Each structure stands twice: as structure tokens, then as C-alpha cells.
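I have a structure here, written as C-alpha cells, and I will follow up with some questions on it.
From a predicted model like this one, the values you see are computed outputs, not experimental measurements.
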Amino acid sequence: MTPLLELRGVSRRFGAVEALTGVDFEISPGEVMALVGDNGAGKSTLVKVVSGILPIHGGQIRFEGREVALDGPQAAAALGIATVYQDLALCENLDVVGNLFLGRERARGPALDEIAMEREAVELLRRLSVQLPSVRAPVADLSGGQRQSVAVARSMMGSPRLVLLDEPTAALGVAQTRQVLDLIRRLREQGLGVVVISHNLQDVFSVADRISVLRLGRRVATFEVASAREVDVVAAITGAALG
């Protein structure tokens with residue numbers, strides 16, 4: 001199967017600092033790939049490269065088998081790459097519908113078509129099995145897990161092929177974490193590629209198909225979750241040698 005996204009020998013510098021050095025990375029449709037590593041390992045830089053925020057200084061990026069230039073967020077979005085950052089970037093004073101359609105509002109003549117937007121919002125959330133008290137509830141009134149679900153749902157508005165999730169379960173309780181992990185599984189079931197950045201290996205092992213480990217800007221290991229041991233993943237993250 002041709003990878004959905006493939007990075008080959010990708011490098012990115014900040015002055016004299018090599019944030020990414022010869023990184024190889026790939027993900028297939030219908031796969032959840034976890035990206036793990038210590039602080040400063042290069043995870044955020046890699047996500048910013050894939051989302052088009054940072055240009056690469058070396059290497060090659062291929063999407064669905066063809067080489068692409070991710071020279072801006074619009075270029076990434078046009079390919080079908082969506083990113084949900086840790087801060088979610090939701091407007092708490094708007095309701096769920098307002099957040100989902102922010103910047104892509106539907107209009108009927110000079111006025112917003114609130115009925116059409118609400119109908120589309122309900123259908124999208126139903127398709128993702130997201131449970132909310134109301135699509136007209138202000139985001140400020142939602143729980144952390146519900147907000148994360150709204151942010152992921154908003155990323156689906158452009159029918160993406162690949163979704164990048166930056167620490168999607170950070171600071172969530174047990175029930176809210178389960179809600180978000182279930183949503184990630186549903187994205188996989190719909191054939192999307194999902195990259196999950198996480199420090200929580202328990203979450204990673206429960207939802208991912210494979211794990212890529214970055215250390216000091218290099219990919220040092222890739223594990224199949226079905227056969228991996230957590231102790232081996234930790235050793236790759238820390239650089240420890242196991243006897």
C-alpha cells in the first residue's frame with residue numbers, strides 16, 4: 001500500500017540548531033501513528049513541517065505517492081492535511097455551530113443560514129458519534145473532552161485525509177480521555193490517517209497501530225504496538241540501553 005504521507009531524509013534547522021536531521025516518517029490510510037519523544041525531540045517541529053507552517057531545509061515529502069511542497073498551511077489543507085493543536089483555538093464565546101463554521105460560514109442572501117449550518121453540524125457530530133448537550137451550547141460550557149471533540153470535528157469540515165493531533169488527551173480526566181480516544185478510533189475506521197503526539201504511553205498503546213520515536217531530532221525507532229513492550233519504547237525515548 002502506498003503511504004498516505006511519507007517523509008524521507010527531512011531536515012529542518014533553526015540557525016545552527018538541527019531540529020530535525022534526516023527524519024524518515026510514514027503513515028498509511030486507516031492507521032493511527034503515535035509520535036513520541038522527550039521535550040526537544042522534534043515532535044512539534046515535525047508537525048509544523050507537515051502542516052505547512054515550517055519549510056524543510058532538506059529531504060523530500062510525498063503525499064499519496066507524489067512529491068509535494070508544503071509551502072504554507074493552505075497548501076497542506078488543500079492536500080487534505082488538518083491539524084488540531086493543543087490549545088484547540090476555539091472561541092469560547094461562540095456556540096458549537098459557530099466554532100465549526102468559523103471562517104466558512106454558510107449564507108443565504110445577506111444573512112447567515114443558521115438552519116443549514118446547524119443541520120450540517122448535527123450530521124457531522126452524529127457521524128463522529130460525538131455526544132454534546134446541544135450544538136447551540138457555548139463552548140465555554142463544555143468539558144475538556146467535549147471541547148477536544150469539537151476541535152477534531154472542526155478539522156473534519158474540509159474532508160481531510162490526514163489529521164494531526166497534538167497532545168489530544170493532555171489534562172483530561174479518565175472519562176474525557178476515553179471519549180477522545182474513542183473519537184480517534186472512529187477517525188481510523190473512516191479510513192483517515194491519524195498522527196497522535198502524546199507523552200502518555202498508556203493512551204498511545206490503547207489507540208495507536210504503530211509508534212515512531214524521535215530523539216534529538218532523529219527518528220530512532222518505530223514499533224508495532226501489537227508486539228511492542230512499553231519498556232522498549234521508554235528506552236528508545238531516553239536513549240537507555242537495555243540489557
Side-chain angles (χ1 to χ4, degrees), residues 1-85 155 158-168 184 187-188 191-199 201 204 207-228 232-233 235-239:
M1 178 186 296
T2 301
L4 179 61
L5 173 74
E6 189 175 13
L7 275 60
R8 287 288 171 257
V10 164
S11 298
R12 167 70 200 190
R13 299 183 302 276
F14 294 97
V17 177
E18 285 274 355
L20 296 174
T21 305
V23 171
D24 294 340
F25 181 84
E26 64 286 320
I27 181 171
S28 297
E31 178 181 37
V32 177
M33 171 70 85
L35 186 62
V36 302
D38 217 340
N39 291 334
K43 304 185 302 297
S44 294
T45 300
L46 189 147
V47 166
K48 289 176 181 177
V49 162
V50 175
S51 59
I53 294 175
L54 294 175
I56 61 175
H57 293 138
Q60 183 184 73
I61 301 175
R62 301 181 71 84
F63 194 81
E64 297 183 322
R66 61 185 180 88
E67 187 173 359
V68 296
L70 298 179
D71 50 8
Q74 290 182 333
L79 289 172
I81 300 172
T83 307
V84 181
Y85 294 101
S155 76
S159 300
R161 303 292 311 283
L162 175 67
V163 179
L164 314 176
L165 303 176
D166 186 8
E167 295 286 356
I184 292 171
L187 296 180
R188 173 175 56 198
L192 277 69
V194 185
V195 178
V196 179
I197 298 177
S198 180
H199 283 90
L201 290 184
V204 164
V207 77
D209 299 298
R210 291 193 297 148
I211 303 170
S212 273
V213 181
L214 290 182
R215 176 170 169 76
L216 301 177
R218 300 176 184 271
R219 186 176 77 168
V220 295
T222 300
F223 298 92
E224 297 284 344
V225 168
S227 58
D232 295 323
V233 176
I237 291 171
T238 61

Please check if the side chain of Arg13 supplies one atom and the backbone of Ala16 the other of a donor-acceptor pair under 3.5 Å.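 Here the side-chain-to-backbone pair does not exist.
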For the residue pair Val84 and Pro168, establish whether any side-chain heavy-atom pair is separated by less than 4.5 Å. no
Does Arg66 come within less than 4.0 Å of Glu64, counting only side-chain N to carboxylate O?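 Looking at Glu64 together with Arg66, the answer is no, because their closest N to O distance does not fall below 4.0 Å.
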Beyond-backbone contact of Leu46 with Leu214, side-chain heavy atoms, under 4.5 angstrom: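 Yes, side chains in contact.
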Report, as yes or no, whether the 6.0 Å neighbourhood of atom CD on Gln74 holds more than 12 heavy atoms from other residues, nucleotides or ligands. no
Is the closest side-chain heavy-atom distance between Leu70 and Leu79 below 4.5 Å?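 Result yes, sub-4.5 Å side-chain heavy-atom pair found.
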Flag the pair Glu18 and Arg218 as a salt bridge only when some basic side-chain nitrogen lies within less than 4.0 angstrom of an acidic carboxylate oxygen.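 Salt bridge between Glu18 and Arg218, a charged N being under 4.0 Å from a carboxylate O: no.
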Is it true that the NZ or CZ of Arg12 lies under 6.0 Å from the centre of Phe14's six-membered ring and within 45 degrees of the ring axis?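 Yes, Arg12 sits over the ring of Phe14.
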Over all atoms of both residues, closest heavy-atom pair of Pro29 and Thr2: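 Result for this residue pair: CD-O, 4.1 Å.
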Smallest separation among heavy atoms of Ala34 and Val204, with atom names: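 Minimum heavy-atom contact is CB-CG1, 3.5 Å.
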Heavy-atom side-chain contact between Ile184 and Val32 under 4.5 Å: yes
After noting the C-alpha distance and the side-chain angles of Glu26 and Arg8, does the key distance pass the salt bridge (charged side-chain N to carboxylate O under 4.0 Å, His left out) rule? CA-CA 9 Å; Glu26 64 286 320; Arg8 287 288 171 257; 3.3 Å; yes
When you compare the side chain of Asp71 with that of Pro55, does any pair of heavy atoms fall below 4.5 Å? no
What distance separates Lys48 NZ from Thr83 OG1, expressed to the nearest 0.5 Å?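 Reported value, rounded in 0.5 Å steps: 11.0 Å.
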Does the side chain of Val195 reach to within under 4.5 Å of the side chain of Phe25, using non-hydrogen atoms?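 Yes - at least one pair of side-chain heavy atoms lies under 4.5 Å apart.
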What's the shortest heavy-atom distance between Ala76 and Ser51, and which atoms?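 Where Ala76 meets Ser51 most closely, the heavy atoms are CB-O, 3.4 Å.
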Quick one: does Phe223's side chain get under 4.5 Å of Asp232's, heavy atoms only? yes
Side-chain touch Leu5/Leu162, heavy atoms, less than 4.5 angstrom: yes
Arg210 with Glu31: basic N within carboxylate O range, under 4.0 Å: yes
Mind listing the closest non-hydrogen atom pair of Asp38 and Ile237 along with its distance? N-CG2, 3.7 Å
In terms of side-chain geometry, is the basic nitrogen of Lys43 or Glu167 positioned less than 4.0 Å from the acidic oxygen of its partner? no
Could you give me the CA-CA distance, side-chain angles and deciding distance for Val196 and Leu35, then say whether side-chain contact (heavy atoms from CB on, under 4.5 Å) is met? CA-CA 6 Å; Val196 179; Leu35 186 62; over 6 Å; no
Check whether Arg161 reaches the backbone of Ile81 with its side chain - one donor and one acceptor, N or O, closer than 3.5 Å. no
Thr222 side-chain N/O to Ser212 backbone N/O, donor-acceptor pair under 3.5 Å: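 No.
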Looking at every non-hydrogen atom in both residues, tell me the closest pair between Tyr85 and Val47 and how far apart they are.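 Closest pair (atom of Tyr85, atom of Val47, distance): CE2-CG1, 4.4 Å.
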Donor-acceptor check, side chain of Arg219 to backbone of Asp24, threshold 3.5 angstrom: yes or no? yes
Which pair of heavy atoms, one from Leu54 and one from Thr45, lies closest together, and at what distance?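 Smallest interatomic distance, heavy atoms only, reads CD1-CG2, 4.1 Å.
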